[in-house]
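Taking it in order: structure first as structure tokens, then the write-up.
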Amino acid sequence: MSLYQNLLLLTAISAFLSIASACSDGQCKLLDECSSDGDCEAGLYCFACQQGFSGSRCVRSTVTNQFKLLNNSLPFNKYAFLTTHNAYAIDGYPLHTPVPRVTFTNQEGMITDQLNVCFPIHIPKPYDFDGDVWMCHSFGGQCHDITAFGPAIDYLKEIEAFLSANTEEIVTLILEDYVGPNGLTKVFTDAGLMKYWFPVSNMPKNGEDWPLVSDMVANNQRLLVFTSIQSKEASEGIAYQWNYMVENQYGDGGMQAGSCPNRAESSGLDDKTKSLVLVNYFHSTSSKEKTCEDNSGDLINMLRTCYAAAGNRWANFVAVDYYKRSEGGGSFQAVDTLNGKLLCGCDDIHACVAGSTSGACTP
């Protein structure tokens, strides 16, 4: 047999052994090569991130439910949650206007999909449009046919269905609000959400702890809504975000390594009279290709930077684009890290010893 034939034989044997040893049928673990979602074990899906690895590999597809893994008996501000930035701006969302949509998206998967995977924080932009309240990107400060996604009530009805079916979960909406007086109150009422409303009167005003999550669940006060319009707290009972929360700069300005400045509307991140901390980590213009890299190690590094900027406080909310895209653990691992730090001082929530809040970590 010639040298060339020997090389061909060795190549064929190597390829056969590679195929034979490859995982499949739900057996592939994190970062194993895969050809379809069905190859990956539960909690993973098959994804290609050109900036992170060659080919397709199994990466995480769901968040850890910290309430079920450990407990829900601590104050709300002692937990961290994955946040979908511009949750309404969904790739492939059905058209609701007479002209094609000409604007960018920020997420994949409908609101119900986002809630079932992330359970539960979303940042939408409601506008007055076409005689109703719509979810919309703006152009020149206004909603237009080409930037509109759909009526807000469609999104809110999905949230109502989720809360009805998941009686121990909490949903938080942080609204960049462009709706006139009483418009939001009407659409929340029409969607059947007022029965879940967490009242402003129960929110801490000077940096104190929030009520226990278990009490919020028991009282069925499982919908927290924040607005960017100050007057609505008094007139409609919708919490003014900046009375309760600090937030870093959004967009490219919030993605500079080693720096975590506050956004203009927020007080300084180290203002401890506000007991909730929101960290944004997404580009000014969304990019699916960049996001899988953004939502990985760089995100966790930024959370550490913002921890120091916030007076040694870990973020409660971390807002990202295309939340499922990553190089492996992604935004889900970032939230596991936050909950580990918040709940027991460990680097991962899975290392927390059940019942401990003092740094008792398993290997």
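- In this structure the side chain of M203 reaches within 4.5 angstrom of the side chain of F198, judged on heavy atoms.
- Smallest separation of non-hydrogen atoms from Q142 and T147: O-OG1, 4.5 Å.
- Residues N316 and L338 fail the side-chain proximity criterion, which asks for heavy atoms closer than 4.5 Å.
- Residues L44 and S61 approach most closely at N-OG, 3.4 Å, considering heavy atoms.
- Considering only heavy atoms from C-beta on, Y196 stays 4.5 Å or farther from F188 through its side chain.
- Counting heavy atoms from C-beta on, the side chains of Q51 and C292 come closer than 4.5 Å.
- Between L70 atom CG and L342 atom CG the span is 11.5 Å, to the nearest 0.5 Å.
- Here the straight-line distance linking atom NE2 of H283 with atom CG of D294 works out to 3.5 Å at 0.5 Å rounding.
- Shown here for A191 and L156, the closest heavy-atom pair between the two residues is CB-CB, 3.6 Å.
- For S296 (side chain) and E327 (main-chain N/O), a donor-acceptor pair under 3.5 Å exists by modelled atom type.
- Remark: SG of C344 is found under 2.5 Å from SG of C352.
- Atom OG1 in T84 sits 6.0 Å away from atom CD1 in I111 (nearest 0.5 Å).
- For the pair R313 and Y307, the cation-pi test (distance below 6.0 Å, angle within 45°) is failed.
- Between F226 and Y240 there is no side-chain heavy-atom pair separated by less than 4.5 Å.
- With respect to K29 and D32, no salt bridge is recorded, no charged nitrogen being found less than 4.0 Å from a carboxylate O.
- The pair E160-K195 meets the salt-bridge criterion, with a side-chain N (NZ, NE, NH1 or NH2) lying under 4.0 Å from an Asp/Glu carboxylate O.
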request  = Would you sort out whether V171 and L223 count as a side-chain contact (heavy atoms from CB on, under 4.5 Å), showing the intermediate values?
outcome  = CA-CA 5 Å; V171 172; L223 177 65; 4.0 Å; yes

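- None of F282, Y323, Y250 except one satisfies the ring pair (Phe, Tyr, Trp, His ring centres under 6.0 Å) rule with H85; the exception is F282.
- Between E169 and N65, the closest side-chain pair of non-hydrogen atoms falls below 4.5 Å.
- Residues V99 and L95 are members of separate hydrophobic clusters, defined by side-chain heavy-atom contacts under 4.5 angstrom among Ile, Leu, Val, Met, Phe, Trp and Tyr.
- In the model, E168 has no side-chain atom that pairs as donor or acceptor with a side-chain atom of N72 under 3.5 Å.
- Per the SG-SG cut-off, C46 and C28 are not bridged by a disulfide [distance not under 2.5 Å].
- Taking OG1 from T64 and CG from L69, the interatomic distance works out to 6.5 Å, rounded to the nearest 0.5 Å.
- Put simply, the residue from L163, I153, T112 that forms a side chain to side chain contact (heavy atoms under 4.5 Å, CB included) with E158 is T112.
- Side chains of N86 and E176: a donor-acceptor N/O pair is absent below 3.5 angstrom, by distance only.
- Here the rule is side chain to side chain contact (heavy atoms under 4.5 Å, CB included) with K186, and of L184, N182, D190 only D190 fits it.
- Between the side chains of S267 and W242, not a single donor N or O lies within less than 3.5 Å of an accepting N or O.
- Listed for the E293 side chain is no donor-acceptor partner under 3.5 Å among the backbone atoms of S326.
- Considering all non-hydrogen atoms of both residues, K324 and V59 come closest at O-CG2, 4.5 Å.
- Of all the heavy atoms in V133 and P126, the pair that sits closest is CG1-CB, 3.9 Å.
- A side-chain donor-acceptor contact under 3.5 Å links Q107 to the backbone of Y322.
- No donor-acceptor pair under 3.5 Å is formed between the side chain of D177 and the backbone N or O of S228.
- A donor-acceptor pair under 3.5 Å is formed between the side chain of T97 and the backbone N or O of D145.
- Each of F104, Y127, Y88 was compared with F149 under the ring pair (Phe, Tyr, Trp, His ring centres under 6.0 Å) criterion, and only Y88 meets it.
- Side-chain contact between L299 and V320: present, with at least one pair of heavy atoms (C-beta onward) separated by less than 4.5 Å.
- The heavy-atom pair separating L278 from A319 by the smallest distance is CD1-CB, 4.2 Å.
- Between Y93 and Y155, the ring planes are parallel. Angles under 30° get that label, and only those over 60° would be called perpendicular.
- Atom CG of residue L175 and atom OG1 of residue T172 lie 11.0 Å apart, to the nearest 0.5 angstrom.
- More than 12 heavy atoms of other residues, nucleotides or ligands shown are found within 6.0 angstrom of CD on E265.
- Here the side chain of Y79 pairs a donor or acceptor atom with the backbone of L74 at under 3.5 angstrom.
- Both tests do not hold together for K125 against Y178: distance to the six-membered ring centre under 6.0 Å, angle to the ring axis within 45°.
- The side-chain hydrogen bond (donor to acceptor under 3.5 Å, both in side chains) test with D336 singles out one residue from K341, R60, Q66, and that residue is R60.
- Put simply, the side chain of Q249 reaches to within 4.5 Å of the side chain of R263, judged on heavy atoms.
- With respect to the salt-bridge test (charged N to carboxylate O, under 4.0 angstrom), the residues E108 and K288 qualify.
- Counting only N and O atoms by type, the side chains of N295 and T291 include no donor and acceptor under 3.5 Å apart.
- With rounding to the nearest 0.5 angstrom, the NE2 atom of H96 is 12.5 Å from the SG atom of C136.
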